[in-house]
Amino acid sequence: MLALLLEVQDPDLDLARALARRGWADLAREIHQRGSGPGHALGLIRLKVRDGRLDEAIEDLNRFLAGTREPGLRTEALSDLFELRQEKARGLLRQGKDDLARAEFRLADEFFPKWIAELRQASLEDEVAMARYARGASMFAQAELETDKAVLVEMVRYFEQDFLWDYDGSPLALEASILVGRACQILAERSDRAKAETWWPQCFRYIGRSKGVLADAELRDLALRGYYWEIKARIAYGDAKRGAAAIREYREAVRTANTLFEKAPQSKRLELGQAILVEQAHALCKSGETARGLALLRRLKSECRNSAIQGLALDLLAQFSGETDPHALLESADHLSEQGAAWLPRAIQQYHRVLQRNDAEIFVRAWIQIASCYFRLSRYPECAAACAAVLRDPWLRHALAPEAVTLKLASLERLSRLTRDPADRALLKDFTAWAGTHPELRDRIRGEVRVNAAIELEKEKKHLDAAKLWEQIANDPNVPAWR
């Protein structure tokens, strides 16, 4: 959102805004409610946005604009309204409600000229430039979420005719050039081969323009993004070609990265520079220099632990060495499973790729990880089925077999509790009895019984007794830490 444009001599308003920026929404709301004037009213509306109440905030902003004449606050509110309508439209697109989303995008565009006019009336030319850029950037975000090429074509036309000429050479124009280049790349990828060849030259005409400001320390990040997106575009262009023509594009991507690191070797220590190294390794693997690419990826995996860079390196290692090294696939799947619920389906797919390698050493671990992913997704029948793949000869004596017992017991217990189906309760009873006949699994049965007892105590609101039992369970070696 635009910075505050009106000097407000109100320390309470400044304090409330500072608290809101730092995440202290309740305190900020209390100060705004005590205050008076349009600044506090706008602050309360923004707190509704933080709470996810977009529709209410949009209605309040329209009322605010109808009743406020202060130019600075009006331009702030117009900026907020534009961003909110865009955000609402993108949310509708993600839900598959394309027609409603397009209507929201149109509403945002309808008052864009009014927003620009008010900024110009207030002689805020820097904010005019930011607003004009925001409009083009929002068109790009919309186009990424839907397949309609017309939005991208309109975005390219908007920047080329209405923006790049006016702000030529400015950092904002260089930002816009990256977006135009990326838009042309997407258009090429979504077009037939003949039409694509008209978009690719436009992509490379724009996407790397910001590389020229590499020597300017203040704009180095912008230059690195130019290098990053150009290298990715070169790889994508190579993917669209075949044979020697494809290899030529991959090698050009490698050369572009080499040029950057010759000019600015220190950029290898920056996260964006490391992301460029990942893409350089990607291009090396695709160009036939697989050994060099894999060596670079392994180095990045080792040096960039617990980072997004490590995840990117692991994915590419799995892609280019997974056929011969199932451990690379397993490591990539483990990393995906640690990224949150949204990544679990992809992790499950990767674990199944591990199983296709028929490596007995990691067979049991892969199935248990699949079961764990299903359990975290609350897909209890699939979890139990995955555990069943392990709980049979010759795997019953495997060191990880007790983990499969715990997972299957937990999934069957939750399933029977959710469905209250006698058949599910019978499955739980039969499995408990079966596991009890195997000495190597029996201790896990006892541990799981204690876990379920603690859960029942919590349901009965006997929190002190439950806490005591959980404390005992925490020290029980037969209960895994995740329980």
I need the [X] [atom1] to [Y] [atom2] distance, nearest 0.5 Å.
| X | Y | atom1 | atom2 | answer |
| --- | --- | --- | --- | --- |
| Leu400 | Arg365 | CG | CZ | 8.5 Å |
| Met139 | Leu179 | CE | CG | 11.0 Å |
| Cys383 | Leu407 | SG | CG | 5.0 Å |

Backbone N or O of [Y] within a donor-acceptor pair of the [X] side chain at under 3.5 Å?
| X | Y | answer |
| --- | --- | --- |
| Ser307 | Cys304 | yes |
| Arg292 | Leu284 | no |
| Thr198 | Lys195 | yes |
| Asp216 | Glu218 | yes |
| Glu279 | Ala275 | no |
| Arg414 | Tyr380 | no |
| Thr406 | Pro402 | yes |
| Ser302 | Arg299 | no |

Looking at [X], I'd like to know if its [atom1] atom is crowded, meaning that more than 12 non-hydrogen atoms belonging to other residues, nucleotides or ligands lie closer than 6.0 Å.
| X | atom1 | answer |
| --- | --- | --- |
| Gln121 | CD | no |
| Trp395 | CH2 | yes |
| Glu197 | CD | yes |
| Gln266 | CD | yes |

Is the gap between the ring centers of Tyr158 and Phe163 under 6.0 Å? no
Tell me whether the centres of the aromatic rings in Tyr351 and Trp367 are closer together than 6.0 Å. no
After noting the C-alpha distance and the side-chain angles of Tyr206 and Leu164, does the key distance pass the side chain to side chain contact (heavy atoms under 4.5 Å, CB included) rule? CA-CA 11 Å; Tyr206 288 109; Leu164 292 175; 3.6 Å; yes
Apply side chain to side chain contact (heavy atoms under 4.5 Å, CB included) to the pair Leu172 and Tyr167, showing each step before the final yes or no. CA-CA 7 Å; Leu172 210 54; Tyr167 302 104; 5.5 Å; no
I'd like to know whether Arg346 forms a salt bridge (Lys or Arg N to Asp or Glu O under 4.0 Å) with Asp315, so could you lay out the CA-CA distance, the side-chain angles of the two residues, the decisive distance to 0.1 Å, and finally the verdict. CA-CA 11 Å; Arg346 190 175 163 199; Asp315 280 351; 3.2 Å; yes
Hey, is [X] close enough to [Y] for a salt bridge, meaning N to O under 4.0 Å?
| X | Y | result |
| --- | --- | --- |
| Glu189 | Lys149 | no |
| Glu104 | Arg90 | no |
| Arg255 | Glu252 | yes |
| Arg357 | Asp325 | no |
| Asp221 | Arg225 | yes |
| Glu160 | Arg157 | no |
| Asp26 | Arg29 | yes |
| Asp80 | Arg85 | no |
| Lys241 | Glu249 | no |
| Asp60 | Arg63 | yes |

Identify the heavy atoms of [X] and [Y] that sit nearest to each other, and give their distance.
| X | Y | result |
| --- | --- | --- |
| Pro38 | Glu70 | CG-OE2, 3.0 Å |
| Pro171 | Leu222 | O-CD2, 3.8 Å |
| Phe140 | Met155 | CB-SD, 3.4 Å |
| Val156 | Leu187 | CG2-CD1, 4.3 Å |
| Leu152 | Ala183 | CD2-CB, 3.7 Å |
| Cys285 | Thr290 | O-OG1, 3.6 Å |

Any side-chain heavy-atom pair from [X] and [Y] closer than 4.5 angstrom?
| X | Y | result |
| --- | --- | --- |
| Phe204 | Cys184 | no |
| Leu377 | Ile348 | yes |
| Phe64 | Leu81 | no |
| Asp55 | Lys88 | yes |
| Leu272 | Ser267 | no |
| Ser79 | Glu76 | no |
| Phe82 | Arg135 | yes |
| Arg50 | Arg46 | no |

Using a distance-only test with no angle check, is there a side-chain donor-acceptor pair under 3.5 angstrom linking Ser332 and Gln350? yes
Is a donor from one side chain sitting under 3.5 angstrom from an acceptor on the other, for Gln280 and Asn258? yes
For Tyr374, is the NZ or CZ atom of Arg379 found under 6.0 angstrom from the centre of its six-membered ring and inside 45 degrees of the ring axis? no
Give the C-alpha distance, both sets of side-chain angles, the deciding distance and a yes or no for side chain to side chain contact (heavy atoms under 4.5 Å, CB included) between Gln185 and Trp200. CA-CA 6 Å; Gln185 176 185 340; Trp200 281 116; 3.7 Å; yes
Please step through side chain to side chain contact (heavy atoms under 4.5 Å, CB included) for the pair Asp334 and Leu314, ending with a clear verdict. CA-CA 10 Å; Asp334 287 344; Leu314 286 170; over 6 Å; no
